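Keep in mind it's a predicted model, so treat the numbers as computed, not measured. These numbers come from the heavy atoms of this one structure, side chains and all, not from hydrogens, waters or symmetry mates.
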Amino acid sequence: MMHGLTHILLLTGWLPTSLYGITLALALVVVALKPRGRRLPALLKECAVGLVAFIVVGILVWFMSDRWMVFGVELGWFVMAIVAAAAGALGFSITAIVHGRRWRRVAASVLVPFVLISSAVGVNAVYGEYTTLGSVLNLPNYRQLDQRHSTSATMTVAQWRRLAVEGRLPAMPKVGEVRTVKIPATVSHFVARDADVYLPPAALSHRPPALPVMVMMAGQPGSPDRFFGASNITTMMNDYAQHHHGLAPIVISPDQNGSTKQNSLCADTPVYGKAETYLTVDVTRWVTKNLPVSEAARNWLIGGFSQGATCSTQLGPAHPNLYGHIFAANGELEPTSHNRSTTVNRYFGGDLEAYLRHVPTEIIAREAPSAQTMLTTAGAWDAESQRNQLIIGKAAREAGMAVTTLISRDSGHDWHAVQAALHPQIEIFGEQTGLGTNTKRLSQYGGLDIIEQTPSTTDEVK
């Protein structure tokens, strides 16, 4: 029973539909029931209070989001509209409680929590952050990986594909699996939460090939579970594997922060420990030792969303011997906790030069020339992230990288932007690593606008 409760969907399905329906029905009941005194003047007063609350809160949230940047990113007009509408509904409800008779007061009182919950679910639907009830409660979604059955690669991807042509593939399940695993911080001693790993059908056979790897990170606050739950990458990978003889990249989502309340900056600092060493040394060594993967950098991609995207544009260029490809969705221009001054003082003891060694554009220039590829995306409603990706993309192109810059329509600083760009990224990466031929152009993927695409990337996309 608990398993069923934790897997109730929050973005689609019966729960959000029911919440919205009940909230609307309660509002209509409150309007229909007779207030104390004359109906029309009372309703006009209640509506007036609601309208004032809508306007005041809407303006306040707009200033907090777009002018004062309290949240670090712009919330987007849709989220601000939901918050303002909720404030208006609460103003109406509270006034109705004051004006109401017995049953009207009861209905208005019940309406208040439904407005709050419905608006929270609505905001979550915009961001796509929490996909299930279990993710809200931070409950684990996946079973532990049985490391006793860790398997080394027995052939190349090219050999696997030849066996597919000959009809002699090893037995394997129809879909891949996501498992949770504790990756030892042997070198870094970084205190990390459990990682999640997706194993495609080919990896679950008794004779797996050496598969490419995608190291993917959620934002902050976030977790490995959050990445898999919100990105929908498991469905995408299973679909890819179904069309490529069970082949798909292995996806590992490690914990780069240690807690939802921490921001490690994906750097080795005295504040939260050696996060960079954990990700680039401990995680890499564990993956190559325990999973059937290729060790060549051209077959590894590092990517993420928001703070995870910033990490990917730091660590990818800084470690070209590990990662041949970089994916960044709605990333920052540089790693910060609150602001640059606070970050430099807290994490680097006031040493600006030490901090700059972790800024993506500085790293890219320092490591140039580069043969890596970079695909970045930002939501159409996230102007700050769009600016960031253009600046980082320019530095990457100047360093010799093949750069693709995308804008995700009808999304902001949210997981919908990640999902839209992951579709082409998986196809492109699959072709780059020999899993299969990509026959689609970027323009054929829905919901995306191509801002820039270097010739070398265009050649790979076809």
Practice task
Specify the closest pair of heavy atoms between G13 and T17, including all atoms of both residues, with the distance to one decimal.
Solution key: O-OG1, 3.0 Å

Problem - T288 OG1 to E295 CD distance, which is reported to the nearest 0.5 Å - result: 5.0 Å

Problem - Inter- and intrachain pairs under salt bridge (charged side-chain N to carboxylate O under 4.0 Å, His left out), touching residues 385-394, at least two apart - result: E384-R387, K394-E398

Completion exercise
Hits for side chain to side chain donor-acceptor pair (under 3.5 Å) against S294, two or more places apart or cross-chain, chain-then-number order -> N299

Exercise for the section: Among T377, D382, V418, find the one that has a side-chain contact (heavy atoms from CB on, under 4.5 Å) with S408. Expected result: T377

Practice task
List the atom of S152, the atom of P208, and the distance in Å for their closest heavy-atom pair.
Solution key: O-CG, 3.6 Å

Handout entry: Pairs involving residues 356-429, ordered by first then second residue, that meet disulfide bond (SG atoms under 2.5 Å apart) (sequence neighbours left out)
Key = none

Handout entry: Main-chain N/O of L375 paired with Q425 side-chain donor or acceptor, under 3.5 Å
Key = no

Practice task
Check the angle between the aromatic planes of Y142 and F228 and answer parallel, tilted or perpendicular using the 30° and 60° thresholds.
Solution key: perpendicular

Practice task
Go through the structure and list residues passing side chain to side chain donor-acceptor pair (under 3.5 Å) with S205, not counting sequence neighbours.
Solution key: none

Handout entry: G331 backbone acceptor or donor facing N388 side chain under 3.5 Å
Key = yes

Handout entry: is_close_aromatic(F429, W300), centroid dist under 6.0 Å
Key = no

Completion exercise
When every non-hydrogen atom of A396 is compared with those of V403, the smallest separation belongs to CB-CG2, 3.6 Å

Handout entry: Close side-chain approach of I407 and Q389, heavy atoms under 4.5 Å
Key = yes

Exercise for the section: Working to the nearest 0.5 Å, report the span between CD1 of I302 and CD1 of I252. Expected result: 12.0 Å

Handout entry: Gap separating the OH atom of Y355 from the OG1 atom of T343, nearest 0.5 angstrom
Key = 5.5 Å

Problem - Polar side-chain atom of H325 near backbone of Q372 as donor-acceptor pair, under 3.5 Å - result: no

Completion exercise
Residues passing the salt bridge (Lys or Arg N to Asp or Glu O under 4.0 Å) test with E452, sequence neighbours excluded, are R397

Practice task
Taking the side chain as every heavy atom from C-beta outward, state whether V251 and M236 have any atom pair closer than 4.5 Å.
Solution key: no

Practice task
Please list all pairs passing the disulfide bond (SG atoms under 2.5 Å apart) test where one or both residues lie in residues 285-333, with sequence neighbours left out.
Solution key: C266-C311

Practice task
Please confirm whether the backbone N or O of L199 pairs with a side-chain atom of R179, one donor and one acceptor, at under 3.5 Å?
Solution key: no

Problem - Taking every non-hydrogen atom, the tightest pair across V181 and Q144 - result: CA-OE1, 4.1 Å

Completion exercise
d(H423 NE2, I233 CD1) to nearest 0.5 Å is 10.0 Å

Practice task
Let me see the working for M64 and V83 under side chain to side chain contact (heavy atoms under 4.5 Å, CB included), right down to the final yes or no.
Solution key: CA-CA 12 Å; M64 294 174 66; V83 174; over 6 Å; no

Handout entry: Contact list for residues 235-248, test side chain to side chain donor-acceptor pair (under 3.5 Å), sequence neighbours left out
Key = Y198-N238, N232-T235

Problem - Side-chain heavy atoms of L111 within contact of T23, under 4.5 Å - result: yes

Problem - F327 side chain near S312 side chain, heavy-atom distance below 4.5 Å - result: no

Handout entry: Pairwise side-chain contact, P292 with I250, heavy-atom cut-off 4.5 Å (strictly under)
Key = yes

Handout entry: Main-chain N/O of T277 paired with D268 side-chain donor or acceptor, under 3.5 Å
Key = yes

Practice task
Return yes if some donor-acceptor pair links the side-chain N/O of S385 with the main-chain N/O of A378 below 3.5 Å, else return no.
Solution key: no

Exercise for the section: Classify the ring geometry between F78 and W381 as parallel (under 30°), tilted (30 to 60°) or perpendicular (over 60°). Expected result: perpendicular

Handout entry: Nearest heavy atoms of Y445 and E427, plus distance in Å
Key = OH-CG, 3.1 Å

Problem - Exam field: side chain N263 to backbone T336, donor-acceptor pair closer than 3.5 Å - result: yes

Side-chain polar contacts of residues 212-221 - donor-acceptor pairs under 3.5 angstrom, sequence neighbours left out - could you list them?
{"from": "Q220", "atom 1": "NE2", "to": "T260", "atom 2": "O", "distance (Å)": "3.0"}
{"from": "Q220", "atom 1": "NE2", "to": "Q262", "atom 2": "O", "distance (Å)": "3.3"}

Problem - Under 3.5 Å: donor-acceptor pair, side chain of S65, backbone of V61 - result: no

Practice task
Verify the ring-centre separation between Y347 and H358: is it less than 6.0 angstrom?
Solution key: no

Exercise for the section: Using distance alone, with no hydrogens and no angle criterion, decide if D282 and S188 have a side-chain donor and acceptor under 3.5 Å apart. Expected result: yes

Exercise for the section: Check the surroundings of atom CZ in F114: do more than 12 heavy atoms from other residues, nucleotides or ligands lie under 6.0 Å from it? Expected result: no

Completion exercise
dist R285:CZ -> I183:CD1 (nearest 0.5 Å) comes out at 13.5 Å

Handout entry: Residue pairs passing the salt bridge (charged side-chain N to carboxylate O under 4.0 Å, His left out) test where at least one lies in residues 250-266, sequence neighbours excluded
Key = R193-D255

Practice task
Start with the C-alpha distance between L90 and L116, add both sets of side-chain angles, then the distance that settles side chain to side chain contact (heavy atoms under 4.5 Å, CB included), and finish with yes or no.
Solution key: CA-CA 8 Å; L90 289 174; L116 292 172; 3.6 Å; yes

Practice task
Determine, step by step, whether H319 and T284 satisfy the side chain to side chain contact (heavy atoms under 4.5 Å, CB included) criterion, reporting the C-alpha distance in whole Å, the side-chain angles of both residues, the deciding distance to 0.1 Å, and the verdict.
Solution key: CA-CA 12 Å; H319 299 275; T284 304; over 6 Å; no

Practice task
Report yes if the side chains of L247 and L211 come closer than 4.5 Å at any heavy-atom pair, otherwise no.
Solution key: yes

Exercise for the section: Kindly indicate whether the side chain of Q256, heavy atoms from C-beta on, has any atom under 4.5 Å from the side chain of Q307. Expected result: yes

Practice task
Would you check, one step at a time, whether the test side chain to side chain contact (heavy atoms under 4.5 Å, CB included) holds for R366 with R357?
Solution key: CA-CA 9 Å; R366 184 178 71 235; R357 288 196 289 271; 4.1 Å; yes

Practice task
Look at the side chain of Q419 and the backbone N and O of A230, then say whether any donor-acceptor pair between them is shorter than 3.5 Å.
Solution key: yes

Handout entry: Donor-acceptor contact present, side-chain Q386 to main-chain G379, <3.5 Å
Key = yes

Fill in the blank from the handout: The side chain to side chain donor-acceptor pair (under 3.5 Å) partners of W62 (sequence neighbours excluded) come to D66

Exercise for the section: Flag the pair E334 and R340 as a salt bridge only when some basic side-chain nitrogen lies within less than 4.0 angstrom of an acidic carboxylate oxygen. Expected result: yes

Practice task
Find the distance between CG (L24) and CG (L19) and round it off to the nearest 0.5 Å.
Solution key: 12.5 Å

Exercise for the section: Mind listing the closest non-hydrogen atom pair of A86 and V115 along with its distance? Expected result: O-CG1, 3.7 Å

Handout entry: Sequence-distant partners of Y278, side chain to side chain donor-acceptor pair (under 3.5 Å), two or more places apart
Key = none

Practice task
Could you name each residue pair satisfying salt bridge (charged side-chain N to carboxylate O under 4.0 Å, His left out) that touches residues 408-423, not counting sequence neighbours?
Solution key: R409-D449

Handout entry: Min side-chain heavy-atom separation I364-S370 under 4.5 Å
Key = no

